[in-house]
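As the structure is a prediction and not an experimental result, all values here were calculated from the model. The chains referred to below are lettered A, B, ... by the order of the sequence lines, with proteins before strands, and numbering in each begins at 1.
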2 protein chains.
Amino acid sequence: MAVTIRDVALTAGVSPSTVSRALSAPDRVNAATRERVLAAAQRVGYRPNRAARGLITGRTGNVGLIVPDLANPYFASVVKGAQARARESDYAVFVADTDEEAGVEPDLMLALSKQVDGLLLCSPRTSTEELAAVDTGTPIVVMNRRVSPCVVADNGDGMRQALAHLAALGHRAVGYVGGPRTSSSNAERLAGLETAAPDLGVELRPMGNFPPLFEGGVAAADIVIASGVTAAIVHNDIVAFGLMSRFVARGVAVPGDVSVVGCDDIAMSAMAHTPLTTVAMPKNELGRAAMVLLIEILNGSVQPHSVVRELPVRLIVRESTAPARTEERR
Amino acid sequence: MAVTIRDVALTAGVSPSTVSRALSAPDRVNAATRERVLAAAQRVGYRPNRAARGLITGRTGNVGLIVPDLANPYFASVVKGAQARARESDYAVFVADTDEEAGVEPDLMLALSKQVDGLLLCSPRTSTEELAAVDTGTPIVVMNRRVSPCVVADNGDGMRQALAHLAALGHRAVGYVGGPRTSSSNAERLAGLETAAPDLGVELRPMGNFPPLFEGGVAAADIVIASGVTAAIVHNDIVAFGLMSRFVARGVAVPGDVSVVGCDDIAMSAMAHTPLTTVAMPKNELGRAAMVLLIEILNGSVQPHSVVRELPVRLIVRESTAPARTEERR
DNA sequence: GGTCGGCATGAAAGCGGTTGCCTATGCATG
DNA sequence: CATGCATAGGCAACCGCTTTCATGCCGACC
């Protein structure tokens with residue numbers, strides 16, 4: 001049924017060993033023989049069985065990618081970037097979705113570990129300690145958490161950009177609508193804001209932690225309004241939309257009364273009724289860079305010990321931010 | 001390094017064959033022995049090498065899933081559904097993204113074919129003939145195109161629901177903003193509308209074909225306005241948002257002046273400034289159902305010849321549709 | 001001219017499992 | 001007590017490929 005290396009060998013009139021060499025170590029066979037083998041392989045439609053190769057070489061040519069939620073546009077973009085880069089190096093990608101459940105992450109890692117050369121973990125929900133305790137036997141590159149080998153976005157700088165933008169528009173009191181307490185991105189963003197605020201002469205008012213959902217923003221809106229800030233930076237775009245939705249219901253104009261800055265720059269942000277000013281995370285690049293790092297570790301050109309790569313982020317100004325109200329109302 | 005079946009055999013004091021049987025054919029070994037083997041496997045942390053197993057059984061335990069664009073929320077949901085269902089049956093999923101390029105579909109199919117038991121193809125961009133010419137040697141289930149074994153949504157019924165809704169609101173002239181000419185969903189939707197319109201006493205006005213992007217909707221908007229229809233059904237939600245965005249710029253109120261119905265029900269539709277009435281496609285279910293069908297074909301319980309499964313769709317009424325204007329303006 | 005080195009190729013082992021075949025054991029039967 | 005028959009479990013082959021080792025051949029050198 002399947003055409004094997006033996007079929008090619010027979011067709012080319014050489015031994016299987018020679019076929020194998022012609023394909024994977026071209027300089028170890030005579031040029032003329034190689035030609036003959038390649039022609040034969042082409043003719044009979046030979047495609048190597050990677051599983052069989054992997055059995056002996058110990059390398060599968062596959063990598064695994066675990067994300068919390070494929071339906072979240074942020075992760076979808078990361079997967080897309082990682083996937084595209086993997087194919088450039090002839091790796092195939094197993095994708096697994098944990099459905100935001102921390103518990104299944106170690107299970108999935110273990111389940112995949114035997115069939116991949118390395119693992120990519122995006123925004124793990126499992127604690128760093130528990131993660132370290134999982135013995136997969138394969139290299140792991142983490143995204144969005146500063147551990148061992150990882151790729152992260154420069155959240156601190158992103159927050160500085162956002163705050164500088166608002167400060168330049170005259171905002172003196174700025175709220176921060178936080179994400180989950182356990183999110184390390186959230187911690188980095190808050191820290192970045194706290195560092196930048198004094199330099200910019202802005203008073204930062206953290207508004208607490210909210211679930212990273214539309215509903216989280218809806219819940220935060222009234223708190224933001226009551227606080228009297230003229231601008232809010234929000235943990236992510238989806239939450240920002242929830243916030244703005246409730247603002248509309250309350251008769252609060254964006255950006256007339258309150259300016260709003262999101263994080264991520266998901267596709268929806270550009271298409272919304274009030275296009276959202278946001279700190280664009282390099283989603284595709286994050287996936288690509290993590291894949292690059294993993295591949296470098298796999299071929300030994302990088303030591304996994306303590307490599308942290310940071311990607312730049314940039315503010316995209318759209319229509320949800322405007323100069324601060326001068327006369328204080330309310 | 002890796003713990004093999006031999007290590008388990010040694011630990012349990014049996015031969016490798018017995019270990020193999022204890023794990024994959026439990027009733028072929030003595031209950032007590034089985035217990036001992038299982039305990040040993042547990043103790044040494046044995047995890048079978050699926051590649052090795054696949055080599056002899058001819059089954060890899062993997063399936064491939066090819067989509068045009070992971071960053072498109074529609075496909076992301078399909079992948080999520082398929083992936084979740086696959087894991088329930090202990091299949092791992094290779095995901096590949098063609099970046100909307102028809103040419104790479106056959107390449108990817110061929111590249112994956114050797115490492116999977118079957119392939120899932122979502123909304124292929126390649127023609128049915130070219131697809132049939134690709135000899136992967138594995139079963140293929142297609143989504144969103146009525147061919148050989150496939151799973152599709154009941155587009156015709158969805159359009160009937162949408163049109164009935166608009167007719168009930170008093171709309172007598174309804175536009176259809178079409179998707180790509182080559183899209184089979186588009187053809188089915190148009191056909192469904194053409195069938196339903198006479199029965200509902202509605203005049204259907206096809207507005208032409210537009211790219212399935214925000215910009216496509218922007219481009220369609222002026223045509224819709226000029227046509228004088230009081231409602232438009234749009235090929236997908238993204239296009240509908242483009243349409244409504246341009247409506248705002250033109251001072252056309254939704255749903256005051258024109259009602260808009262989308263297709264797909266992507267997450268954004270519920271969160272938009274004007275929440276969109278839309279025909280919800282069963283995205284997750286589509287992925288799940290296709291995976292189920294593939295698995296059934298793989299285990300032989302279904303013959304792949306001419307099985308077409310159709311999933312129901314349903315209209316979700318939000319705020320972008322309202323009764324037709326009674327007095328004719330413009 | 002004989003020996004040596006290097007190159008191209010073939011033979012065979014083995015990667016980690018599964019499975020057909022066969023043997024040893026235990027039990028029931030005549 | 002001898003025989004027959006299940007049943008459990010061991011042996012060994014094999015899946016498709018890589019890789020070590022051995023071999024044959026050639027040219028080059030002393």
Side-chain donor-acceptor contact under 3.5 Å, [X] with [Y]:
| X | Y | value |
| --- | --- | --- |
| B/R145 | B/T128 | yes |
| B/S15 | B/T18 | yes |
| B/T60 | B/D117 | yes |
| A/E130 | A/S127 | yes |
| A/S89 | A/R85 | yes |
| B/E296 | B/S301 | no |
| B/E105 | B/T126 | yes |

What contact category does A/V19 fall into here, base, sugar-phosphate, or nothing, at under 4.0 angstrom with non-hydrogen atoms?
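It contacts nothing in the nucleic acid.
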Close approaches to DNA chain C from residues 32-51 of chain A, in residue order (heavy atom, under 4.0 Å)
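Contacts with DNA chain C under 4.0 Å: A/T33.
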Within residues 56-63 of chain B, residues whose heavy atoms come under 4.0 Å of DNA chain C:
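Output list: B/I56, B/T57.
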OP1, OP2 of D/dG16 versus side-chain N and O of A/T4: anything below 4.0 Å?
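So the side-chain polar atoms of A/T4 never come under 4.0 Å of the phosphate oxygens OP1 or OP2 of D/dG16.
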Using OP1 and OP2 only, check whether a side-chain N or O of B/S20 sits under 4.0 Å from C/dT18.
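Affirmative; the distance criterion is met.
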For [X] and [N], give me the distance from atom [atom1] to atom [atom2], rounded to whole Å.
| X | N | atom1 | atom2 | answer |
| --- | --- | --- | --- | --- |
| A/K114 | C/dG17 | NZ | C1' | 12 Å |
| B/D7 | C/dC15 | CG | C1' | 13 Å |
| A/R6 | D/dT18 | CZ | P | 11 Å |
| B/D27 | D/dT7 | CG | P | 11 Å |
| B/L55 | C/dG14 | CG | P | 17 Å |

Could you list, one pair per line, each protein nitrogen or oxygen that sits under 3.5 Å from a nitrogen or oxygen of nucleotides 22-25 of chain C, together with the distance?
none

Let's go through B/R288 and B/K80 carefully: what are the C-alpha distance in whole Å and the side-chain angles of both, what is the deciding distance for side-chain contact (heavy atoms from CB on, under 4.5 Å) to 0.1 Å, and is it a yes or a no?
CA-CA 9 Å; B/R288 291 190 81 87; B/K80 188 177 171 94; over 6 Å; no
Tell whether B/R21 reaches the base of C/dG17 with its side chain through a donor-acceptor pair below 3.5 angstrom.
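Result: no qualifying N/O pair found.
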Would you say the base of C/dA8 and the side-chain of A/T18 have a donor-acceptor pair closer than 3.5 Å?
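When only heavy-atom distances are counted, A/T18 does not reach the base of C/dA8 through any donor-acceptor pair under 3.5 Å.
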Are A/R125 and A/E100 within salt-bridge range, i.e. N to O under 4.0 Å?
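Yes.
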Is B/D97 salt-bridged to A/R87, cutoff N-O under 4.0 Å?
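A salt bridge is absent here (no side-chain N lies under 4.0 Å from a carboxylate O).
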Looking at B/A32, is its backbone amide N or carbonyl O close enough to the side chain of B/N30 to form a donor-acceptor pair, meaning the two atoms are under 3.5 Å apart?
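Present.
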Report the residue (B/N30 or A/I5) whose heavy-atom-nearest nucleotide on DNA chain D is the more 5′ of the two.
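The residue whose closest nucleotide sits nearer the 5' end is B/N30.
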Reading DNA chain C from 5' onward, which residue's closest nucleotide shows up sooner: B/A52 or B/R28?
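It is B/A52, whose closest nucleotide lies nearer the 5' terminus.
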